[in-house]
Amino acid sequence: MVSPNLNFKCILILGATASGKTALAHNLADKLNAQNKPCELVNLDAFQIYKELNIGTAKPTHEEILKYNYHGVNICELNENLDANTFARLSWEFCASIAQKNKIPICVGGSGLYLRAFLHGLDSLPPRDENIRTQIKEVANAHGWPYCHEWLAKVDPKRACELHPNDKTRIERALEIFLLTGKPQSEERSKENMLKEQDTLFPCYVIHCKQEPLILKERICLRVEQIFAQGWTQEVEQLFVKYGESLNSFHAMQAIGYKQILSSLFHTKTSQIPQGDLVDKISTLTWQYAKKQLTWCAKEKVDFTILNNNEENIDDLLKLVICWKP
RNA sequence: GGCACUUUAGCUCAGUCGGUAGAGCAAUGGAUUGAAAAUCCAUGUGUCCCCAGUUCGAUUCUGGGAGGUGCCA
């Protein structure tokens, strides 16, 4: 494995969905460019990486992608997926290549684990293995996840202690690591607790784009209505026409809204008009997601917080960023 | 107007053969080491519609009233 080039410094804008990260990034990039501090943008959003998920992921427009030299957008086919480690490595490469051009990378994103992997790195554990996972799932289907948890307790008691017997995602992963390496995950980790890690692998000026909860909730409802008005349903319909039933098995369809719209296409005859129920459901799911994002954000060391897109804040931020010497 | 059904958590509903009640969803908080917009965990005092009766005790049974739904006029 080639060791990554981490010889760069970057600006990171994090925050919940619909908090205004993208607009802030564009604003900041415009201002820095005007001050002869050229910059390029790097997407750190786990679903804007997909080529055909445009409307529902609130992806920057084609014009914006060109204008701001976006990296990390439209880099995956819809039936592919990108694990957190690969995502982090790609993002590092984007940042390093921008820095080589004497430009500043401005990274924008809010996907918890992916952000964490980018900032702090993951241990060198083996990537997921579909064959092993199939074997584990067979056991789980036959005996249930608590049984697999007991199995894990025999091979990696420390990790088993950390996990709830129903936590299938992590039990599966821990068993996978043991079956692939013959060693317990808890012994292979270099960090006792990843979340206590505060140092980033490279100098990073972290900006939290924050909204008061009530305002954020309103913005989320508004955004969901807007993206339906932009033709979200039609986007999903076109994907279904192109990929058929197999669309359901694509990991990309885990994105909030897409799977709900997809299933509604089979249950309503008038799919052209989004039902109020569907809009409400997706707004709720997005709000729940936003709260989880904020739990991740709260763990990071933040250099600057912008509340409710306050323009004065942004001017202060600009001054600080310009004289930032890590 | 008559008949039937119905009224319990923010919502949809269980349930208590009479001893003041619990699921799902929502809400709130937390976790998070390669599918993470995923996944998992924790948190439930609510005039059990109102009034009266029976009873040691009524959300539960009886009577009356009010709201809702459906059918018939």
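Letters go in sequence order (proteins before strands), and every chain restarts at 1.
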**OP:** Report the secondary structure of RNA chain B in dot-bracket form, marking unpaired bases with a dot and bases paired to a different strand with |, and treating Watson-Crick or G-U pairs with both distances under 3.5 Å as paired.
**Re:** (((((((..((((.....[..)))).(((((.......))))).....(((((..]....)))))))))))).
Would you mind classifying the nucleic acid contact of [X] as base, sugar-phosphate or nothing, using non-hydrogen atoms under 4.0 angstrom?
| X | result |
| --- | --- |
| A/Glu188 | nothing |
| A/Trp145 | nothing |
| A/Thr295 | base |

Separation of the [atom1] atoms in [N] and [M], to the nearest angstrom:
| N | M | atom1 | answer |
| --- | --- | --- | --- |
| B/rG46 | B/rG18 | P | 27 Å |
| B/rU60 | B/rG1 | P | 27 Å |
| B/rU7 | B/rC61 | P | 11 Å |
| B/rA66 | B/rU47 | P | 23 Å |
| B/rA37 | B/rG24 | C1' | 23 Å |
| B/rU8 | B/rU59 | P | 15 Å |
| B/rU43 | B/rA23 | C1' | 16 Å |

Subject >> Residue from A/Tyr50, A/Phe47, A/Trp232, A/Phe250 passing ring pair (Phe, Tyr, Trp, His ring centres under 6.0 Å) with A/Tyr258 >> reply: A/Trp232
Original post:
Any side-chain heavy atom of A/Ile314 within less than 4.5 Å of one from A/Leu318?
Top reply: no
Original post:
Is the shortest heavy-atom distance from the side chain of A/Asn5 to the side chain of A/Trp92 under 4.5 Å?
Top reply: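 In short, these two side chains do not touch, never coming nearer than 4.5 Å.
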Original post:
Taking only residues two or more places apart in sequence or in another chain, which ones pass side-chain contact (heavy atoms from CB on, under 4.5 Å) with A/Glu77?
Top reply: A/Lys51, A/Asn79, A/Glu80
Original post:
For A/Arg116 and B/rU33, is the shortest distance between a side-chain N/O and OP1 or OP2 below 4.0 Å?
Top reply: no
Original post:
Does a nitrogen or oxygen in the side chain of A/Gln185 sit under 4.0 Å from OP1 or OP2 of B/rU33?
Top reply: no
Subject >> A/Lys259 atom NZ, neighbour heavy-atom count above 12 within 6.0 Å >> reply: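 Result for NZ/A/Lys259: enclosed.
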**OP:** Please assess A/Phe94 against A/Tyr70 for the test ring pair (Phe, Tyr, Trp, His ring centres under 6.0 Å), listing each intermediate value before the final yes or no.
**Re:** CA-CA 10 Å; A/Phe94 294 139; A/Tyr70 259 96; over 10 Å; no
Original post:
Mind telling me whether B/rG24 is syn or anti, cutoff 90° either side of 0?
Top reply: anti
Would you kindly give the [atom1]-to-[atom2] distance between [X] and [N], to the nearest whole Å?
| X | N | atom1 | atom2 | value |
| --- | --- | --- | --- | --- |
| A/Asp280 | B/rC11 | CG | P | 15 Å |
| A/Arg159 | B/rA31 | CZ | C1' | 10 Å |
| A/Leu201 | B/rU33 | CG | C1' | 13 Å |
| A/Glu172 | B/rG34 | CD | P | 11 Å |

Indicate yes or no for a side-chain donor-acceptor contact from [X] to the backbone of [Y] under 3.5 Å, with no hydrogens or angles considered.
| X | Y | value |
| --- | --- | --- |
| A/Asp123 | A/Leu125 | no |
| A/Asp156 | A/Gln185 | yes |
| A/Lys9 | A/Phe202 | no |

Original post:
Which nucleotide, B/rG34, B/rA26, B/rA31, lies nearest any side-chain atom of A/Thr284?
Top reply: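 Out of B/rG34, B/rA26, B/rA31, the nucleotide with an atom closest to A/Thr284's side chain is B/rA26.
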Subject >> Sequence-aligned protein contact record of nucleotides 37-42 of chain B, with B where the base is within under 4.0 Å of a protein heavy atom and S where only the sugar-phosphate is >> reply: BBBSS-
